[in-house]
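For reference, the structure discussed in these notes is given below.
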Amino acid sequence: MAARVLQQCVRSFARPSLRLCSSSLALRVTAAPRPLSFAADSRRTRWLVQSRIPSVGVLCRQYGDLPPLTLETIKERVMYVLKLYDKINPEKLQTSSHFMKDLGLDSLDQVEIIMAMEDEFGFEIPDAEAEKLMTPEEIVQYIADKKDVYE
Amino acid sequence: MASTAATRTAAGAAKVVKPIFSRDLDEAKRRVRELYRAWYREVPNTVAMFQLDITTRQGRDKVREIFDKNKHVTDPRVIDMLVIKGKMELQETIHVWKQKTHIMRYFYESEEPRPTDFLSKFYRGHDQ
């Protein structure tokens with residue numbers, strides 16, 4: 001009998017928006033409808049174990065983070081940023097096209113491209129290593145090295 | 001006299017002078033790239049701080065133009081000196097020791113371009 005009441009409480013309160021932390025328990029208890037509130041105080045500790053969010057497993061912490069990087073996503077982002085650059089012709093751009101020899105860019109243009117990559121991926125690329133990155137393929141390799149992306 | 005003749009003959013091969021900052025051309029070019037990065041990142045802050053009437057893109061093009069003016073230099077000491085002057089300008093711009101007029105002087109807005117070919121000089125006259 002008490003277990004059935006508990007099941008009803010769990011089903012009515014187990015919505016995906018609720019978090020499994022103790023701070024929200026007070027809210028949950030206060031938001032409980034009147035007839036079911038008598039079960040809240042005695043069953044509080046059991047709720048933590050039994051209530052589950054349908055989409056995620058039991059007691060799963062949900063931190064905010066970016067989606068994980070893969071080699072394909074890095075390559076797509078690098079090529080997208082390069083296509084947006086106005087001194088590069090998007091049709092002639094490939095992963096193996098050299099900036100200076102194939103695309104006819106300057107060393108300062110290459111610096112601008114590396115800075116755009118820094119802004120895109122959010123980490124500093126020191127100049128000693130940046131001056132060696134002359135093709136989009138090398139840029140992808142370098143970022144994969146720095147971000148520990150491997151396959 | 002003999003010593004100066006010897007140094008002159010040796011100077012034909014390679015002259016060794018005391019460097020300012022960088023020992024060879026690669027290091028000097030690295031300094032130039034660092035300076036260009038700093039200026040590139042500073043331009044939007046400058047346009048906002050001084051309330052300039054130019055777009056960020058025009059500012060960056062102007063920076064590129066000034067850097068390209070000295071593209072032909074090969075002496076590391078000269079490059080170092082130019083980098084030092086560029087750094088001084090950058091410091092004055094970042095700390096707002098300059099004013100709007102000093103920055104807009106780069107754009108030569110109020111100056112008329114001087115005549116270069118014969119006919120334009122003829123029309124302008126001999127007064128200036």
Side-chain angles (χ1 to χ4, degrees), chain A residues 66 74 77-93 97-147, chain B residues 19-48 54-76 78-87 89-91 93-94 106-107:
Chain A
L66 296 169
I74 296 177
R77 282 164 79 176
V78 166
M79 299 306 278
Y80 182 65
V81 168
L82 284 175
K83 285 190 178 106
L84 287 177
Y85 192 49
D86 59 345
K87 288 189 193 167
I88 293 182
N89 194 1
E91 285 99 45
K92 290 198 330 195
L93 181 67
S97 47
H98 198 269
F99 290 139
M100 303 235 184
K101 294 182 209 154
D102 296 337
L103 300 170
L105 295 177
D106 204 3
S107 60
L108 293 180
D109 291 325
Q110 195 252 349
V111 171
E112 283 187 22
I113 287 171
I114 299 294
M115 276 200 275
M117 295 302 152
E118 280 183 7
D119 292 336
E120 168 74 22
F121 289 97
F123 69 100
E124 276 269 339
I125 302 178
D127 194 49
E129 299 167 18
E131 62 187 3
K132 301 186 194 105
L133 303 172
M134 282 293 168
T135 69
E137 185 61 41
E138 285 178 20
I139 296 177
V140 170
Q141 283 297 320
Y142 180 81
I143 295 173
D145 283 337
K146 286 291 165 183
K147 291 281 186 179
Chain B
I20 300 183
F21 277 141
S22 39
R23 294 179 184 282
D24 52 354
L25 198 56
D26 287 332
E27 219 176 308
K29 286 196 193 237
R30 198 171 299 161
R31 281 180 209 278
V32 172
R33 280 194 285 264
E34 291 285 348
L35 184 67
Y36 184 71
R37 272 196 198 212
W39 267 111
Y40 190 89
R41 291 252 157 86
E42 180 53 31
V43 166
N45 303 335
T46 302
V47 167
I54 57 168
T55 63
T56 306
R57 197 193 181 92
Q58 282 175 303
R60 284 182 171 153
D61 287 342
K62 176 57 72 173
V63 170
R64 172 63 78 95
E65 189 188 312
I66 297 176
F67 268 78
D68 283 341
K69 239 193 280 184
N70 297 319
K71 202 168 26 174
H72 55 277
V73 179
T74 54
D75 191 4
V78 177
I79 295 178
D80 280 342
M81 205 61 220
L82 292 168
V83 164
I84 287 167
K85 290 174 84 85
K87 276 190 188 172
E89 302 275 317
L90 182 64
Q91 188 182 28
T93 309
I94 290 178
Y106 289 120
F107 290 86

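Order of the sequence lines sets the chain letters (A, B, ...), proteins ahead of strands, with each chain counted from 1.
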### Message
Please check if the number of heavy atoms outside B/R57 that lie under 6.0 Å from its CZ is greater than 12.
### Response
no
### Query
Do other residues, nucleotides or ligands put more than 12 heavy atoms under 6.0 Å from A/Y80 OH?
no
### Query
Quick one: does B/R37's side chain get under 4.5 Å of A/I114's, heavy atoms only?
yes
### Message
Atom NZ of residue position A/K87 - does it have more than 12 heavy atoms of other residues, nucleotides or ligands inside 6.0 Å?
### Response
yes
### Task
Answer with side chain, backbone, both or neither: which region of A/D106 has an atom nearer than 4.5 Å to a non-hydrogen atom of chain B?
side chain
### Message
Checking side chain to side chain contact (heavy atoms under 4.5 Å, CB included) between A/D127 and each of B/K29, B/R31, B/R30, which is the one that passes?
### Response
B/R30
### Message
Could you check whether atom NZ of B/K85 has more than 12 heavy atoms from other residues, nucleotides or ligands sitting under 6.0 Å from it?
### Response
no
### Task
Could you tell me whether A/E112 and B/R60 make a salt bridge, using a distance below 4.0 angstrom between a side-chain N and a carboxylate O?
no
### Query
Non-hydrogen atoms of chain A under 4.5 Å away: do they reach the side chain of B/D68, the backbone, both or neither?
side chain
### B/K87 atom NZ, neighbour heavy-atom count above 12 within 6.0 Å
no
